[in-house]
Amino acid sequence: MSDPFDLDSTPPSDEGAEVKDDAPPLGEAVPLSQQAQQARAGGEASVGGIDAAAMLDDLNDAQREAVLAEDGALLLLAGAGTGKTRALSTRIAYKIATGQAYPSQVLAVTFTNKAALEMRQRIGSLLGSAVEEMPWLGTFHSLSSRILRRHAELVGLTDKFSILNADDQLRYFKQILKSENIDDKRYPARLIAGIIDRWKNRGYYPDEVPTSEASHFANGHAIQIYSIYQNRLKTLDIADFGDLIMHAVHILRDHKDVLAEYQKKFKHILVDEYQDTNVVQYLWLRLLALGHSNICCVGDDDQSIYGWRGAEIENILRFEKDFAGAKTIKLEQNYRSSPHILAAASGLIKSNEGRLGKTLWTDRKDGEKIFLRGCYDGEEEARLIGDDIEAHHRAKRDLNEISILVRAGFQMREFEDRFITLGLPYRVIGGPRFYERAEIRDANAYLRLIQHPSDDFALERIINRPRRGLGNVALQTLTSAARAMETNLFQAAQTLITTDELKPAARNALQSFIRAVERWQQRATEMTHTELAELVLDESGYIAMWQADKSPEAPGKLENIKEMVSSMGDFENLAGYLEHIALVMEAQSNDSGDEKVSLMTLHAAKGLEFDIVFLPGWEEGVFPHQRSLDEEGTRGLEEERRLAYVGITRAKQLVTISFAGNRNLHGRWINATPSRFIDELPCDHVQVNDDAHIPSPITHRATSATHATPIKEAWQRSPAQTIEGKAVSSSASAAQSVDYKRGERVFHQKFGYGHIEVVDGNKLAIAFDKAGRKKVLADYVEKHG
DNA sequence: GTCCTAAATTTTTTT
DNA sequence: AATTTAGGAC
C-alpha cells in the first residue's frame, strides 16, 4: 500500500489535503500589497511560528517585488550576481511560511544536483527546521524519474527500470552499428548518439522524428538505429537519460487523467536557469503549468551556455508570448563584482546580438582593473598563476576563494602538475567522478544485475570480471541467443545452460555464474543492501581479483570499493542507492574544509563565486573553441562569448586573464593567437600586466609592455616568439642506467619526492608524498638520500 | 581464451 | 602524450 511517490504524502493527511489544497489557509484572495503590509506589520500571515516578514528585510526592491509578485506567469530576468537564487528561494519559503502552499505543492526545478541542494539549504534556513520536506525540489532528471517510475507501465516499462549511463549507451550504439553492418568510420557511434540525443531533447520518439530529418541524418542510419535502440531498451526495461524526461512528457501529454493529477498537485512551479531549458523540458513545464500558469522562471539570457545540449535560448526570449499576461521583473543590481569587473564583462557581452538586455550596476566603488597577461607557453602560464596564488596565500588570502576556470578539461593537467610540484592544495570540481571509476562501476553492475536481471549492460560488464572463462565467444553466443529469443541476456543464459550450444567448460562457468546471481537475489530479501554488497563482492571473487592484483593502483581500488560499500548505508535500500548513483554520479564531497584552490571548467563554475579568478588559455581555437565555431558558426561564437561572460562574472575582486603564444595541443606545438574576446574587452577596465612583480625566468622574451599600452599592441609584442629551441629540454636527461630498489627514496621533476614500491625493469611504481602513486620510467627520477 | 604489441583516436562543455 | 582498440601470436 505504501507508495513512496504518493502525490499527496506530505500534507497533514491524505483526505484533508484535497480540501486544503483548494483553500490554503491564507489565500490568493488577499491582495498582495496588503498581504505584504500585514506580513511586515507583525507576521499575522505567518504559519508555524515563522516570521515571513523578516524574510523580506534584506531584499532590495526588485527582489522583494519578485518574492511578492502575484500568482501567474513570472519571469525573473536576473543578471549574474544579482541574487536570483536568493529571490527564488525566498519566494518559495515565503509562500510556504504564509500558508499559500504546502511544501509538497511546490514544484521547484533545477538543472544540477548542486543547485538543488543549495536551494534546499537556503529554503531550509529561511524556514528554520519547521518545514524540511520539499519532496518535489530536484533536477529535471530526478523529478522525471520519479514521475516515470510511478507511471512506467504507460510507456511500456516497469517501476523497476534501470537508468542507462552514457558510457554503456555508446558501447551499445557501437554494437548495433556492427550488427547492422554500418560503416562505423563513416558514421561513428558518437555522431549517431549525438543525433539521437538531439531528437530526444526535442521529445521525438522514433516514429515522431520529422521525415526529412529521418531520411537525411546519417543517410537514414540514425533513425534506423534509434528505432532498434529504443525497442531494445523497452525489452530490457531500461531508460537512458534522455528517456527520463521524454517519457515523462509523453505520459503527461497522452494521459489526461495523470496530467490533471499533477496539475492539481503543483500549485506553484518554479524553475531555475530557465535559459538552459531545451524543448522537452519546455514541454514538460508547459504541460504541468497549463491551467493555473503559476510558473516562475528565473534566468539570464547572457548565461545560456548549454546550446550544445539542446538548450533553446529562445525559450527565455519567448517567455512573455508563451504565457499570456506574464510579468517580467529584472534584477540588475549586482552584489558580487567590483565595477571594473562588471564593466569588462558587460563590454564583452555587448558584442552579442538578440539579447533581452539588462544593465547591471553596482554601488561598489573599489576594485582593480582586470589583469591581462601574455605568456610564452602553457607551462609558463601555469607557473605564473601558481606564483600569483602563492603570493595571495602569503598575504593570508583564503585559498577557497581562489579559482582557475578553464574552457575544457584537458587544460587542467598543467595546473595540477604545477600545483603538485608547489605543494599547493587544490580541488578539481566536476573532475573524474567517483562513480565513474571502473571498480565502482563493476561493483555497481553486480548490484544492478541482482536488482534487475534484465539489465544486459550490467551483465555484460561483469560476466567475465573476474575472469571466469566466459570471453567473447561465449558472450557472442549468448547475445545471439538472446536476440533470437527476444529476451534479455540473463534469461537467455538460463536457457542456454540447459542446451549444448556452448562448450562444456563455458557452459559450466556460465551455470555457476547464473546460479550465483540467483542465490544473491534470494539472499537480497533477507539482509541489508550493505551486507548484500559485501557478500556479493566477496563470493564473486571480485575483491579477491584486486587483492591478487600486483599493480600499484590495486590497493587504491580496494579502498574505493570499501568507501562505496560504506556509503551505501546512507540509503534506505538497494533501489534508492542505485537511483542515486545513476542520477547524481557525484559522491557527496566529504571535503574536509581544508583550504584549497578550485580548478574547474567554465561550465562547472556557473552559479559559483570567488574573490579571485584566473581565466587562462584565452587563445583562438581554445577559447572560443574551434569546434564550436566550426559546427555552430555565429551561434556557437555567441555561446562562447557568454561563457567568457560567465567566467568574468564569477569574480568578486580580481580577474586575471591570460594567454600563451605557444600551446602544446595533443602532442603538437601550436603557434597560438590571442582570443578575439581579449580585443573585445573595454580598454578602460583592463590592465596589461607583464609580471612586473614576478621575475620571469624566461629571458629571451619581450618584457617591456607598459601599463598604458593598448591591449592589442601589448599582446602583439609580448608573446610573439615561437617554439624553436624550446623542444630541447627533455633530451638532456640521457638514459643513465641506475639500479633502483624497492623502498628507495627518489625525486621526480613533476611529482616531487616519493619512495619506490615496485621495480619492473626500467619502469618504477612510486608512491609520491604529494602526488600519490604513479608509474614512471626510471630515466625520469633521480636518487635522493 | 588470454596476453602482448601496434595503431588509432582523443579533447568541449553535462544531466 | 596518453589511453583505448584491434589484431596477431601463443
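Heavy-atom basis, side chains included; hydrogens, waters and symmetry copies ignored. Letters A, B, ... mirror the listed sequences (proteins, then strands); counts begin at 1.
When rounded to the nearest whole Å, the span between CG of A/L117 and P of B/dT15 equals 14 Å. We find that CZ of A/R465 is positioned 14 Å from C1' of B/dT2, with the value rounded to whole Å. As rounded to whole Å, 9 Å separates atom C1' of C/dT4 from atom NZ of A/K174. In this structure, the CD1 atom of A/I463 is 11 Å from the P atom of B/dG1, given to the nearest Å. Between A/Q169 atom CD and B/dT14 atom C1' the separation is 13 Å, expressed in whole Å. The CD1-C1' distance, from A/I429 to B/dT13, rounds to 16 Å in whole Å. Taking atom NZ of residue A/K200 and atom C1' of nucleotide B/dT14, one finds them 16 Å apart after rounding to whole Å. For A/L602 and B/dT14, the CG to P distance is 10 Å, given to the nearest whole Å.
Taking 4.0 angstrom as the limit, A/N472 places none of its side-chain polar atoms (N or O) nearer than this to OP1 or OP2 of B/dT2. Between A/R171 and C/dT4, a side-chain N or O to OP1/OP2 separation shorter than 4.0 Å is absent.
Of the residues near DNA chain B, A/R467 and A/F140, the one whose nearest nucleotide (by heavy atom distance) lies more toward the 5' end is A/R467. Along DNA chain B, the nucleotide closest to A/T601 and the one closest to A/A474 are compared, and the more 5′ of them pairs with A/A474.
A heavy-atom distance below 4.5 Å is found between the side chains of A/D240 and A/Y229. With a 4.5 Å cut-off on side-chain heavy atoms, A/N464 and A/L475 do not count as touching.
A/F111 comes within 4.0 angstrom of sugar-phosphate atoms only, judged by non-hydrogen atoms across all strands, and of no base. Counting any heavy atom pair closer than 4.0 Å across all strands shown, A/D630 reaches no nucleic acid atom.
The side chain of A/H141 sits closest to B/dT15 out of B/dT14, B/dT15, B/dC3.
Taking a cutoff of 4.0 Å between a charged side-chain nitrogen and a carboxylate oxygen, A/E639 and A/R642 qualify as a salt bridge. Using a 4.0 Å cut-off between charged nitrogen and carboxylate oxygen, A/E273 and A/K84 count as a salt-bridge pair.
When the P atom is used for both B/dT13 and C/dT4, the distance is 16 Å, rounded to whole Å. With both ends at atom C1', the span from B/dT11 to C/dA6 equals 22 Å, rounded to whole Å.
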Check nucleotides 7-10 of chain C against the protein and report each pair of N or O atoms closer than 3.5 Å, with its distance, or say if there are none.
none

Contacts under 3.5 Å, N or O only, protein and nucleotides 5-12 of chain B:
from	atom 1	to	atom 2	distance (Å)
B/dT12	OP1	A/R627	NE	3.4
B/dT12	OP1	A/R627	NH1	2.6
B/dT12	OP1	A/R627	NH2	2.6
B/dT12	OP2	A/H625	NE2	3.2
B/dT12	OP2	A/R627	NH1	3.4
B/dT12	O2	A/R407	NH1	2.8
B/dT12	O2	A/R407	NH2	2.2

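A donor-acceptor contact closer than 3.5 angstrom links the side chains of A/Y542 and A/D442. Donor-acceptor pairing under 3.5 Å is lacking for the side chains of A/Q411 and A/E381. Side-chain contact annotation: A/Y645 with A/Q303, donor-acceptor N/O pair under 3.5 Å absent.
Between the CD1 atom of A/I514 and the CD atom of A/Q511 there is a distance of 9.5 Å, given to the nearest 0.5 Å.
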Under 3.5 Å, which donor-acceptor pairs link side chains of residues 191-199 of chain A to any protein atom two or more places apart or in another chain?
from	atom 1	to	atom 2	distance (Å)
A/R198	NE	A/G194	O	3.4
A/W199	NE1	A/E213	OE1	2.8

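Remark: aromatic rings of A/H603 and A/Y306 are close, center separation under 6.0 Å.
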